[in-house]
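Take a look at the structure set out below.
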Amino acid sequence: MLGVPFVLLLVTFGHCHSRSNHTAGYELATNQILDSATSRMRSVWGLQRTIFLQLTAKGKSPLGGQVLNNKQDVEAKTYRLLYELAANLSVVPVAQLDDPLLRRRVQRMAKLQLQGLRPKDYEQAKDLLRQTHSFVSGSLVCPHEDCSAHGPLAMYPQIVNKNMRTKLYEDLFINWFAWRKAINEKETAKSTFIDYVRLLRIAATYNGHVTPSRTWYLHYDTENFQAELEAVVWEIMPLYRELHAYLRHEVQSTYPKADTKSDGAISAPIMDQILSQDWYPHQFFRTPHQGKQHQLPSVHRRLEEVLVTPVKINRKAAEFFESLGLNILTQNFYDLYSRRMQDDEGGPDCKSQVYYFPPDVALRYCPKLDYKKLMQIHGTMAELQYYLYKLQLPFGLDTEPCPGFGAALGETVILASGTPRHLHRLHILLNDSLTEQQSLNRLFRMGVHTLIAVPQYFINDKFLVDVMDGRIGVKDYNCAYWGLQDKFAGVQPPSNRNNKDFDLDFKFYRGMNPETSNTKKFLAEILGFQFYRSFCLASGQYRPGDPDFPLHNCDFYDSKEAGMKMREMMKLGATRHWRDVMEIATGERKLSGRGILEYFAPLFTWLKERNKQLDIEPGWDADELCRRD
Ligand SMILES: *[C@@H]1O[C@H](CO)[C@@H](O)[C@H](O)[C@H]1NC(C)=O
Ligand SMILES: *[C@@H]1O[C@H](CO)[C@@H](O)[C@H](O)[C@H]1NC(C)=O
Ligand SMILES: *[C@@H]1O[C@H](CO)[C@@H](O)[C@H](O)[C@H]1NC(C)=O
């Protein structure tokens with residue numbers, strides 16, 4: 001990776017301390033490098049602060065050119081800093097350092113992913129990511145070959161939103177093809193992907209990784225991490241297969257024209273549709289128990305009556321963490337660093353944002369008021385709490401121990417705050433539990449949301465990694481992809497395809513960016529349920545075998561025991577291996593599907609019985625719908 005600094009550093013480290021013990025000298029020189037990097041980082045944080053202030057200045061348009069320039073400046077400066085620093089640290093003789101924290105800092109920052117690329121390659125990688133982003137969000141598609149009415153549409157959010165509301169299988173089918181055709185005319189999508197993989201491989205060689213995926217999985221720091229992810233997929237597969245079988249049966253009544261082939265796999269546009277309906281209030285697929293009395297109580301009206309304003313929602317979410325014994329957000333924070341987004345910013349589905357510029361942390365929140373936002377703000381508050389602890393750590397270790405770890409902690413609070421027990425505490429529900437039927441309907445919706453998504457994260461991640469490592473060759477991309485869909489998800493293409501096509505879905509393209517990788521999403525879900533189970537056991541709110549305290553209605557609000565574990569993990573930042581940190585909560589050092597399986601146990605039981613009654617056979621056989629010519 002490096003050019004100049006190599007020689008200079010050898011000189012620095014060669015400085016004569018006693019021949020027999022260089023430790024003190026090495027540590028001194030290393031600390032000097034890190035101190036000077038920290039002060040450069042402070043100027044980047046200063047810019048972040050400026051951006052936050054610019055965005056929240058009264059009467060200013062939020063998307064002014066100034067902000068954009070500053071954001072680009074932050075990006076460029078961060079890249080240069082990390083790139084140089086990695087080069088400088090890569091010659092530090094780590095084994096000679098006594099201070100374990102210093103050693104860890106050097107190890108973490110001496111290796112990089114895309115940011116380890118030389119400037120020209122790095123620019124190209126960013127260009128390619130911009131291009132893949134435009135596949136998803138660019139206005140590219142004319143579904144009916146006719147763009148006269150509204151002009152071309154973007155996959156996200158326009159087509160996704162249109163799909164969500166359509167009961168015509170033809171529409172789903174046409175949109176599915178139209179988008180793929182649009183982005184891969186002249187093989188654009190495929191060649192973008194190929195170029196990008198080439199850069200990922202180069203980044204890996206700079207780290208000395210013979211297997212490129214070691215760099216993709218950099219901070220998981222595990223030989224063959226993919227095997228660990230795959231083991232979890234197989235662990236939850238029995239539950240997935242029952243849900244899959246039941247959904248396949250339900251699809252026939254919602255979309256009679258969707259040709260669910262006799263082999264039992266589900267057509268990809270239908271699977272997308274099932275997943276896109278997860279937050280949709282009037283979803284098409286029936287929940288297990290029909291009838292008005294079994295419907296989930298609507299929280300919307302109560303939400304407006306009780307929580308009234310977004311500010312009040314924020315306070316409630318903050319209070320969740322305070323009840324656990326985590327940081328108390330001060331009045332000063334609310335006065336200076338908590339700001340409402342502009343109403344027109346981010347659209348109806350805006351996402352709150354947390355800013356980190358030590359010594360301060362700031363929040364811009366989405367002012368919408370609905371159930372989804374209520375849940376999401378709990379995740380945002382988790383991130384904010386995490387940052388407050390990271391403030392105490394040295395630059396470089398002030399991050400999560402691996403990507404997705406923080407989101408997993410957020411997930412636990414999202415799960416707890418969405419329980420009837422917690423909604424009752426907030427006076428949004430009148431009862432602290434649902435009837436058995438309602439409860440099952442709720443688990444079913446949660447199950448679709450989680451269980452259908454997890455294998456897709458895995459497939460997208462595995463495809464990328466297998467290509468990167470050379471296990472999938474360029475001539476076989478598409479059929480290999482359908483092979484994975486068949487093996488891990490029981491999903492098939494809506495009609496015959498071949499290796500000239502390139503059928504990956506839009507979430508795959510999103511996941512090409514390490515910041516939003518499918519690995520990270522997978523980990524956040526799985527680890528999230530593992531943590532949730534542990535916090536619930538610690539708080540006594542989950543008592544295995546006791547029907548009054550099932551895992552799916554566990555609210556660990558106010559539990560100092562759970563809070564202590566969360567705090568301890570957050571405080572560590574990246575100072576320890578993520579397995580050491582997860583062990584604090586779970587007592588385990590490996591990913592496992594146990595949290596998910598215990599959470600959804602009542603759903604699993606019901607599905608098995610129901611499928612038997614309906615004479616539905618779970619599972620599928622491969623039908624060769626991709627021709628390897
Ligand atoms: C080297 O020196 C440092 C500090 O002077 C000391 O802590 C360390 O134990 C020494 N290491 C060896 C191997 O002698
Ligand atoms: C890396 O080392 C070079 C040469 O000593 C120095 O000029 C540069 O500032 C260092 N950069 C970082 C980020 O450590
Ligand atoms: C709350 O739900 C339980 C279980 O369904 C039921 O027995 C109880 O009567 C309900 N309480 C109220 C106040 O509705």
Side-chain angles (χ1 to χ4, degrees), residues 1-13 26 29-30 33-34 36-37 40-41 44 75-97 102-130 132 192-226 395-397 399-403 461 464-471 511-517 519-520 574 577-578:
M1 131 187 324
L2 32 145
V4 202
F6 205 108
V7 179
L8 287 169
L9 266 160
L10 289 182
V11 174
T12 316
F13 285 110
Y26 288 144
T30 306
I33 296 175
L34 289 170
S36 106
R40 270 172 69 178
M41 196 61 204
V44 175
E75 225 269 337
K77 284 193 161 136
T78 308
Y79 162 68
R80 274 203 303 276
L81 173 58
L82 294 180
Y83 178 78
E84 275 179 38
L85 183 60
N88 290 356
L89 292 178
S90 66
V91 294
V92 170
V94 179
Q96 304 284 326
L97 306 176
L102 190 59
R103 227 168 21 224
R104 175 120 184 120
R105 254 179 115 185
V106 172
Q107 280 163 341
R108 291 268 309 183
M109 293 199 287
K111 288 185 169 35
L112 296 167
Q113 294 179 302
L114 292 177
Q115 285 163 324
L117 292 169
R118 290 167 194 276
K120 207 162 137 270
D121 286 341
Y122 180 66
E123 284 308 316
Q124 197 198 349
K126 280 200 312 181
D127 277 344
L128 293 169
L129 286 177
R130 269 192 287 272
T132 54
T192 305
F193 173 65
I194 290 171
D195 289 346
Y196 182 73
V197 167
R198 187 181 66 85
L199 293 172
L200 288 173
R201 286 183 179 147
I202 294 175
T205 63
Y206 293 153
N207 288 331
H209 289 151
V210 180
T211 314
S213 61
R214 276 308 293 266
T215 287
W216 178 255
Y217 292 136
L218 187 61
H219 292 310
Y220 301 103
D221 199 15
T222 297
E223 199 81 50
N224 196 5
F225 188 51
Q226 193 185 81
F395 164 55
L397 298 178
T399 62
E400 54 189 351
C402 66
D461 193 56
L464 175 59
V465 161
D466 283 357
V467 168
M468 202 185 297
D469 288 352
R471 284 184 294 274
M512 279 166 62
N513 189 336
E515 316 247 310
T516 49
S517 71
T519 329
K520 191 170 165 178
H577 197 284
W578 65 276

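By convention here, the first residue in the shown sequence is residue 1.
Considering CG of Leu128 and CG of Leu199, their distance stands at 6.0 Å, rounded to 0.5 Å. Leu114 CG to Glu515 CD: the interatomic distance, rounded to the nearest 0.5 Å, is 9.0 Å. Once rounded to the nearest 0.5 Å, the distance linking CD of Gln226 with CH2 of Trp216 reads 12.5 Å. Once rounded to the nearest 0.5 Å, the distance linking CG of Leu81 with CD of Gln115 reads 9.5 Å. Atom-to-atom distance recorded for Arg105:CZ and Leu85:CG is 9.0 Å, nearest 0.5 angstrom. Here CG of Leu112 is found 9.0 Å from OH of Tyr79. Values are rounded to the nearest 0.5 Å.
Within the 4.5 Å cutoff, the side chain of Val197 has heavy atoms near those of the Leu464 side chain. Annotation: side chain of Arg40 is in contact with side chain of Glu84 (closest heavy-atom distance under 4.5 Å). Looking only at side-chain heavy atoms (C-beta outward), Leu129 and Met512 come within less than 4.5 Å of each other. Side-chain contact check for Asp195 versus Thr192: every heavy-atom pair is 4.5 Å or farther apart. No side-chain heavy atom of Arg214 sits under 4.5 Å from any side-chain heavy atom of Lys111. Side-chain contact between Ile33 and Val106 is absent, with no heavy atoms from C-beta onward closer than 4.5 Å.
Looking at Arg130 and Asp127, a side-chain N of the basic residue comes within less than 4.0 Å of a carboxylate O on the acidic one, giving a salt bridge. A salt bridge links Lys126 with Glu123: the closest approach of a Lys/Arg side-chain nitrogen to an acidic carboxylate oxygen falls below 4.0 angstrom.
In this structure, His209 and Leu218 approach most closely via the heavy-atom pair CE1-CD1, 3.8 Å. Considering all non-hydrogen atoms of both residues, Ala125 and Leu117 come closest at CB-CD1, 4.1 Å. Annotation for Tyr206 and Gly116: closest pair CD1-O, 3.3 Å, computed over non-hydrogen atoms. The nearest pair of heavy atoms linking Leu89 to Met109 is CD1-CB, 3.7 Å. Taking each heavy atom of Ala110 and Ala86 in turn, the nearest pair found is O-CB, 3.8 Å. Considering every non-hydrogen atom in both Glu400 and Pro403, the closest pair reads OE2-CA, 3.4 Å.
Panel note: side chain Arg201, backbone Pro212; no donor-acceptor pair is recorded below 3.5 Å. Judged purely by atom type and a 3.5 angstrom limit, Tyr26 has no side-chain atom pairing as donor or acceptor with the backbone of Val92. Proximity of a side-chain donor or acceptor of Arg108 to a complementary backbone N or O of Pro401 within less than 3.5 Å is detected. A donor-acceptor pair under 3.5 Å is formed between the side chain of Gln113 and the backbone N or O of Thr215.
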TODO: Check the pair Tyr217, Asn224 against side-chain hydrogen bond (donor to acceptor under 3.5 Å, both in side chains), reporting the backbone distance first and the verdict last.
DONE: CA-CA 9 Å; Tyr217 292 136; Asn224 196 5; over 6 Å; no
- [ ] Run the numbers on Arg198 and Gln124 for side-chain contact (heavy atoms from CB on, under 4.5 Å), then give the verdict.
- [x] CA-CA 11 Å; Arg198 187 181 66 85; Gln124 197 198 349; 3.3 Å; yes
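Among residues two or more places apart in sequence or in another chain, the ring-ring contact (aromatic ring centres under 6.0 Å, His included) test is passed with Phe193 by Phe463, Tyr477, Phe502, Phe508.
Using cut-offs of 30° and 60° for the angle between ring planes, the Phe225 and Tyr220 rings count as parallel.
Counted by atom type alone, Arg118 and Tyr83 present zero donor-acceptor pairs between their side chains at under 3.5 Å. A donor-acceptor contact under 3.5 angstrom links the side chains of Ser213 and Asp469, judged on distance only.
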